[in-house]
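No hydrogens, no waters, no symmetry mates; every other heavy atom, side chains included, goes into these values. Predicted model only: the values in this text are computed from it and were never measured. Within every chain, numbering begins at 1; the chains are lettered A, B, ... in the order of the sequence lines, protein sequences first and strands thereafter.
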Amino acid sequence: MDYDFKKIEKKWQSYWAAHETFKVAEDPSRPKFYVLDMFPYPSGAGLHVGHPLGYIASDIYSRYKRLCGFNVLHPMGYDAFGLPAEQYAIQTGQHPAVTTMKNIARYREQLDRIGFSFDWSREVRTCDPAYYKWTQWAFLKMFSSYYDNSRQSARPISELVDAFAANGTAGVDAACGEEMTFTAARWNSMSEKEKSDVLMNYRIAYQGTTAVNWCPALGTVLANDEVKEGYSVRGGHPVEQKMMKQWQLRVSAYAGRLLDDLDGLEWTDSLKDMQRNWIGRSYGAEIVFKAYNGNKEYDMTIFTTRADTVFGVTFMVLAPESEWVEKLTAPEQKKAVEEYLAMARKKTERERIAETRKVTGVFSGSYAVNPLTGGKVPVWISEYVLAGYGTGAIMAVPAHDSRDYAFARTFNLPIIPLIEGCDVSESSFDAKDGIMCNSGFLNGMTVKEAIPAAIEYVEKTGIGHRKVNYRLRDAIFSRQRYWGEPFPVYYKDGIATPLPEDRLPLKLPEISTYLPTETGEPPLGRAEDWTYEGWPLEKSTMPGFAGSSAYYLRYMDPHNDDALVSKEADSYWRSVDLYVGGTEHATGHLIYSRFWNKFLYDLGYVCENEPFRKLVNQGMIQGRSNFVYRIVNTNTFVSCGLKDQYETTEIHVDVNIVHNDRLDIDAFRKWMPDFADAEFILEDGEYICGYAIEKMSKSMFNVVNPDMICDTYGADTLRLYEMFLGPVEQSKPWDTKGIDGVNRFLKRFWRLFYDRDGFIVTDGKASPAELKTLHKLIGKEKTDIENFSFNTTVSAFMIAVNELYELKCNKREILEPLVILLSPFAPHISEELWEALGHSESISYASFPEYVEAYTVEDSCTYAVSFNGKTRFTVDLSKSMSKDEVEAEVRQNPLTAKYVGGASIVKVIVVPGKIVNIVIK
RNA sequence: GCGGAUGUGGCGAAAUGGUAGACGCGCCACUUUGAGGGGGUGGUGGGAGUUUUCCUGUGCGAGUUCGAGUCUCGCCAUCCGCACCA
């Protein structure tokens, strides 16, 4: 009987679906384990073999955990709002919901063929109103909350209103856009509109004017993580900076917690560092410089991490967008400044990046006074100072900052060195190292002493204070697009007002075309009657990350219409134990999700402070493209090895008609009409193709479809092979040619159970050699799966099966545990054999530890231990030799010995004359 | 520039500080058959030798150690992330 994977896989996939084998419910009697994949955006292209890599790994882990007795939550869903569906809708007029549903159906079909153990009863789709009701709900909660800095927690905004009414801003320490000071009397006399404006400055979801990334081609603003090197991540369109009023989330209020709480997570160091850099904490001080425009005096605050260098300040610099620019531009410089601002403003973000090292600037005409020296220094305006960081103004110390140095050199400003013996004739001295000089009371200190001393002095004299700054900005939360969650907000007398909770979900209206309106409003401006109680509703929609920020919570309780997640479900499933996904979400989704979770935690809706305890980043699978070489001006193709003898053009050829770099010539002739009568120059009777590693994409003809692999080899082979390729975390090219090896392994595995005539498993007693093989595998699998080292586990299986095959072992005592061990990796064949062994229930209900314990018996073999192939002695493990006895034995053979056998490991390390170490496990 | 990671055969890759290259692909030889991506056996880092075998070998250079692919330091190369963040 042959291994008929097609029949087997179909049979078990329908069995799992019919029996809801992987459906789970909260069960306090069993320990839970939550394994989550980053849910996909269902694109029109469908899945290629790279996409399921992480899903396969997490599925293996889920099935393994299930065998270990855990109640495993392993759900899947779709991140279904987003730009591509909408762009497609603009082109074709089809409703994005239609194409999205079609793509989802296709994804589901492909996923099902691979045999995942998802609990599909918990599926979520972010574009489903029943789902986005809770996205909108969270937004309303953020709208009606503020962040209390002293308590480090989100609080209801009503508490802030009460505080204002009682004491004004006195005693309030809240995260806000701009610092405000007013009395209770002033607050109580404010109009509704004024109060609303004040509160907007404190809300966690708020509307504010800020420099945004505007993408004209997409017609929308984008968040920082959606822009890379001046281009939109989606579509690659140029992006420019623009001041706009937008909805934002006060993520920055959580910067400190987002940073500190990274320490407790089991994420890779590189990913944690990426987030640390993105959040970017720096310790320093804010110092006030008096600035004078003619007779007018201003207090200008700057941020610095180098308070020790105040004595070396020779000029000040403002960001072009800074509010100080207007105040400090002297009449005689007005024209020059305006020209400079106009020039800076019209640059796209890309141009700014391209000209990064070009020094530009203009003198404002004003001067500032150094608070420590009393010296007068000019105030300049330059692009190299960013409006969004610190206070948008800096003190420049050209001797010890390379950017200030370049600026000083360009505009001939003085440079005062502050460190003994440093050379600033060619470049600045940026290192925090050396002895201070020219620095008044700091002279003689090392830099490391001088920094805290200077800050202390600044605080004592009241010219400034200690300050921690973060690079993390608030997230721009509105998009001028159609295919996203509508904001549950309407404008009553121009005041942004939340919709009552019982009016959620606010459903996306139908519109005729998905373009902006003639007046430049977002597409929702086209909707008929987009109002609430006669007032206009918000017309922008939420960004992609809105729906993906809390989906892991919704899986815990996906059908609940009264809460995002019930207390019971939340306190049972708590948080994700293992999260598998790509590293591309490091500074986007993984920050927003953590923020969102912390917010809900503050308000008491969830019980865990962090959403994803352990994170594994699977690598990308690249494509391996194949080429044929056409001799120019002919229809003749020359094999790769001979191509240098001709003048040829390299042409991508569909990798699916190439096997082991050998071209299927007939298939090639049929592939495209142009090649129907192609001629070939072969080597050794074959056409050998060239190859290259490139991104997997349609245009390179290197897309390998998992369906195709399932057709030819089966899902179990696909699963094993994806794991066998190498460590899950590593990026690697897909190369179909190695797949025969794992396919061969499965066929061989099958033949341990079946020969030509039928089932051959017997009940005979296993031999010591057979037990040894099994024990080796058990030991390996237990440690490797926990370490996510699946490629070595697959290898260990191959070794074990080869050994058993050689031993002609067909004993139940060995094969039954072997089937259990293999089942996480190759579930279909395992189920089939499990059934053949006489079990009526799914193998998923088998118990792994039971078998492991049952079979980790005292090994009774006698092993020969060899020393570099020369000396020999024996260790009889059936006698359970003590460490001392082994040591005595080894003393007579003073060389290096190492032996691994069965469930027991003896390793003796000896150097001439002495035993260094003995390990017996 | 800053931060992180990686570097081992023709290829994908293994190696708690202890016989480097397991396992698989590819390749070579033999074998079997109902040769369509068939099954089996053996070989396969490099160099030398008819055989036992010897020399050499994990990016480069030092160091720690009885012993280093593995640990430390310094280079070099590649990849990823951030990038005028004061």
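For the P atoms, the distance linking B:A48 with B:U41 amounts to 31 Å, nearest Å.
Judged as a side chain to side chain contact (heavy atoms under 4.5 Å, CB included), and not counting sequence neighbours, the contacts of A:A826 are A:D716, A:L720, A:L746, A:L822, A:I829. By the side-chain hydrogen bond (donor to acceptor under 3.5 Å, both in side chains) test, A:T792 is found to be paired with A:D784, A:S789, residues two or more places apart in sequence or in another chain being considered. By the side chain to side chain contact (heavy atoms under 4.5 Å, CB included) test, A:A406 is found to be paired with A:V359, residues two or more places apart in sequence or in another chain being considered.
Per the geometry, CD1 belonging to A:I591 stands 13 Å off C1' belonging to B:G81, to the nearest Å. If you take CZ of A:R624 and P of B:G12, they are 10 Å apart, rounded to a whole angstrom. Separating the CD1 atom of A:I693 from the P atom of B:C11 is a distance of 12 Å, rounded to the nearest angstrom.
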Could you write out each protein N or O paired with an N or O of nucleotides 23-32 of chain B at a distance under 3.5 Å?
residue: B:G24; atom: OP1; partner: A:N802; partner atom: ND2; Å: 3.2
residue: B:C25; atom: OP1; partner: A:R744; partner atom: NH1; Å: 2.4
residue: B:G26; atom: OP1; partner: A:N660; partner atom: ND2; Å: 3.4

I'd like a table of atom pairs between the protein and nucleotides 71-79 of chain B - only N or O on both sides, under 3.5 Å - with the distance next to each one.
none

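Taking 4.0 angstrom as the limit, A:N791 places none of its side-chain polar atoms (N or O) nearer than this to OP1 or OP2 of B:G12.
Under the 4.0 Å criterion applied to side-chain N and carboxylate O atoms, A:E803 and A:K776 are assigned as salt-bridge partners.
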Quiz item: Where each pair must be Watson-Crick or G-U wobble with both distances under 3.5 Å, what dot-bracket representation of RNA chain B is obtained, with crossing pairs in [ ] and other-strand partners as |?
Solution: (((((((..(((.....[....)))(((((((.....)))))))((((....))))..(((((..]....))))))))))))....

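For the pair A:R594 and A:W267, the cation-pi criterion (under 6.0 Å, within 45° of the ring axis) is fulfilled. Figure legend: cation-pi geometry between A:R748 and A:Y805, with NZ or CZ positioned under 6.0 Å from the six-membered ring centre and within 45° of its axis.
With its glycosidic angle within 90° of 0, B:G9 is assigned syn.
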